[in-house]
**Q** 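Input: one structure, supplied below.
Numbers restart at 1 for each chain; the letters A, B, ... are given by sequence-line order, proteins then strands.
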Amino acid sequence: MKWYLKSLGPKKIIEFVALIIFVIFFMGPLLNLAILAFTGNWNYPDMLPREWSLKWWKFVFQQEGVSQSIALSFLIATIVTAVSIVLCVPAAYAFARIRFPLSKFFLFSFLLTHAFPKMGLYVSIAVLFYKLGLMNTLLGVILIHIINVLMYMTWIPTSAFRNVHTAQEESARDVGASPFRVFRSITLPMAMPGIIVASIFTFLNSLDEAQGTFLVGVPNFRTMPVVMYGIISDYPAYAGAVFSIILTAPTIILLLAAQRFVSADVLSSGFQIK
Amino acid sequence: MSKQARRGLLGISLVLPSFLILVLIVVLPILGSLKESLTNHSGGYDLSNYKYLFTDKLMRSNIIFTLEVTIASTLLVLVISYVLAVYMRFNQGMAVNWIRRMYMIPIFIPSVIATYGLIQLLGNRGWAARILYHFGSESFPRIIFDMKGIIIANLWFNIPFTTMLLGSALSAVPNSVIESAKDVGAGKLRIFFKLILPLTFKTLLVASTFVFMGVIGSFTAPFLIGPNAPQMLGVSMEQIFGVFQDRQLAAATAFFTFLMCSFVGYFYIRSMIKEEGMRSS
């Protein structure tokens, strides 16, 4: 063992230790939940459970409202994604291609969604929604979910549109294509990866939103994360772990499906103007 | 109407729908909470809620606790992420490949789930304690329901995100620039301080802004992991509103946090506008 370590050299050993720490720190909590979800019983201080079982899966699916909450979450996330595409992509195109007064002011105003503490914002929104009669309505829940995503949904496509070279658009215009045709067959397809990443981010964000939904949507709109809060406090850890996996599964599936679009560069453009 | 004016009008009309939504669900509530925070208990307007915020012993210790957690988390996140990102940029090998494959996963894990996983792992009878028990350690440090737990959760949420931002900025530093610096005999440290750090400084500012804003107003992690007292301001805000029904004080707390974020956001926006100015000229 010792000669083997020596032959590797100190750099390799440090790298290996760093990798181990990284894996334990970031994957440990998730792996722990995955084990807990298939555990029948796990006594202290056993390192691994002695009894494996699927009984907690049955238990969770028998709970009232769990399957409805899954359907509801997906419905809301789909609507939120569609609405924010319609709202934000045209704005992103304007920021990238059109010069108009106050454009910087409008562009940076979306930072406000991240600067005010969410809890404080939700409390004020609840007051406003009471006055407007939006409490406990689908529209209210959708509006709350849109807060979190307005910024990425505008900034990521803005940078995607900016990365399309104007020379290409101009040469299409030169051969007689109409402005709309240029947009549809050149600008939009080239900016599509950015728009797709922003939409995935929006969909996942809406699927995960808990605090705002809890304040504005309960009791009529119990989404998955809202149910999760209840399960954490009321049931044993095994049930919570099962539900965690159910809640994380769509995230993993969607990310694997869109792997070739999701890159550090595109995601980073959601947080800065590049 | 001139062509330019027509284009301008088109630009504004494309931006207006999303901006109006922003006004409805963000700007109006912020103004509402400002007004609320200035309302005193007899219905008049003064600064009494803010005065309470800074003179009440419990609130003061909450503010100090929040600042401590926020600053410690931000600094730790920046240092660790920067080292990780620089290492990943300039090294190849198995470990780097594995980290590159995994590091973005936590960005997409719901925060409730991650926090729950951390509680199960690091609680005093959690998996970590069980494993250490077999290595002969009887006692396990108190991490959950303590400041350490909140900071660890913040590291979990923010290191992947910050590494991603910095990694994207570092990949934009061309290899040829570094090669030519090496050719003229610049040492590793010199290359770092004269080239890499200045070229990525702006992204460092972006990252610190978002980490700071994310941590100072956070709720889920401190609510599930934090101690009962002192509390992070996000949790205390919820308690003031939900348990004590004191909307004015909750609004003042929110607005105070917002002012802290605005201070950090100011530098961020200034640096971004400089960039924008260079683009359009």
**Q** Using the side-chain contact (heavy atoms from CB on, under 4.5 Å) rule, take B:R100 and B:V96 through it: C-alpha gap first, then chi angles, then the decisive distance, then the call.
**A** CA-CA 6 Å; B:R100 205 168 277 152; B:V96 172; 3.4 Å; yes

**Q** Tell me, for A:L207 versus chain B, whether the close heavy atoms (under 4.5 Å) come from the side chain, the backbone, both or neither.
**A** neither

**Q** Using heavy-atom distances under 4.5 Å, tell me whether B:M94 contacts chain A through its side chain, its backbone, both, or neither.
**A** side chain

**Q** For A:T251, is it the side chain, the backbone, both, or neither that has a heavy atom closer than 4.5 Å to a heavy atom of chain B?
**A** side chain

**Q** For A:I245, is it the side chain, the backbone, both, or neither that has a heavy atom closer than 4.5 Å to a heavy atom of chain B?
**A** neither

**Q** Parallel, tilted or perpendicular, judged at 30° and 60°: which one describes the rings of A:F116 and B:F258?
**A** tilted

**Q** Given that the side chain runs from C-beta out, which part of A:I125 has a heavy atom under 4.5 Å from chain B: side chain, backbone, both or neither?
**A** both

**Q** Side chain, backbone, both or neither: which part of A:L254 has an atom under 4.5 Å from a heavy atom of chain B?
**A** neither

**Q** Answer with side chain, backbone, both or neither: which region of B:Y133 has an atom nearer than 4.5 Å to a non-hydrogen atom of chain A?
**A** side chain

**Q** Below 4.5 Å from any heavy atom of chain A, which atoms of B:F161 appear? Answer side chain, backbone, both or neither.
**A** side chain

**Q** Can you say whether A:M224 sits under 4.5 Å from chain B via the side chain, the backbone, both, or neither, judging by heavy atoms?
**A** neither

**Q** Where on B:S33 is there a heavy atom nearer than 4.5 Å to chain A: the side chain, the backbone, both, or neither?
**A** both

**Q** Main chain of A:V266, side chain of A:S263: is a donor-acceptor contact present, judged purely on distance under 3.5 Å?
**A** yes

**Q** Just so I understand: if I count every heavy-atom pair under 4.5 Å between each of B:G217, B:C261, B:G8, B:P110 and chain A, which residue has the most?
**A** B:P110

**Q** Of the backbone (N, CA, C, O) and the side chain (C-beta and beyond), which part of A:L112 lies under 4.5 Å from a heavy atom of chain B, both, or neither?
**A** both

**Q** Pick one of side chain, backbone, both or neither for A:L102, based on which atoms fall under 4.5 Å of a heavy atom in chain B.
**A** neither

**Q** Does A:F25 have more than 12 heavy atoms from other residues, nucleotides or ligands lying within 6.0 Å of its CZ?
**A** yes

**Q** Any idea how A:Y152 and A:F271 line up, ring-wise: parallel (<30°), tilted (30 to 60°), or perpendicular (>60°)?
**A** perpendicular

**Q** Does any backbone or side-chain atom of A:Q211 lie under 4.5 Å from a heavy atom of chain B? Answer side chain, backbone, both or neither.
**A** side chain

**Q** Against chain B, label A:F110 side chain, backbone, both or neither, depending on which of its atoms sit under 4.5 Å from a heavy atom there.
**A** both

**Q** Given heavy-atom pairs under 4.5 angstrom as the criterion, report whether the side chain, backbone, both or neither of A:L267 touches chain B.
**A** both

**Q** Angle between ring planes, A:F22 versus A:F26, binned at 30° and 60°: parallel, tilted or perpendicular?
**A** tilted

**Q** Could you tell me whether the side chain of A:E209 and the main chain of A:G212 form a donor-acceptor pair under 3.5 Å?
**A** yes

**Q** Please classify the contact of A:I35 with chain B as side chain, backbone, both or neither, using a heavy-atom distance under 4.5 Å.
**A** side chain

**Q** Counting only non-hydrogen atoms closer than 4.5 Å, does A:L143 touch chain B with its backbone (N, CA, C, O), its side chain (CB onward), both, or neither?
**A** both

**Q** Does the pair A:H114 and B:Y268 meet the rule for a ring pair (Phe, Tyr, Trp, His ring centres under 6.0 Å), with working shown?
**A** CA-CA 13 Å; A:H114 277 65; B:Y268 168 86; over 10 Å; no

**Q** Under 4.5 Å heavy-atom distance to chain B, tell me which part of A:L30 shows up: side chain, backbone, both or neither.
**A** side chain

**Q** What residues of residues 245-254 of chain B sit under 4.5 Å from chain A when only non-hydrogen atoms are counted?
**A** B:R247, B:A254

**Q** I'd like to know which of B:L165, B:L16, B:I119 tops the heavy-atom pair count under 4.5 Å against chain A.
**A** B:L165

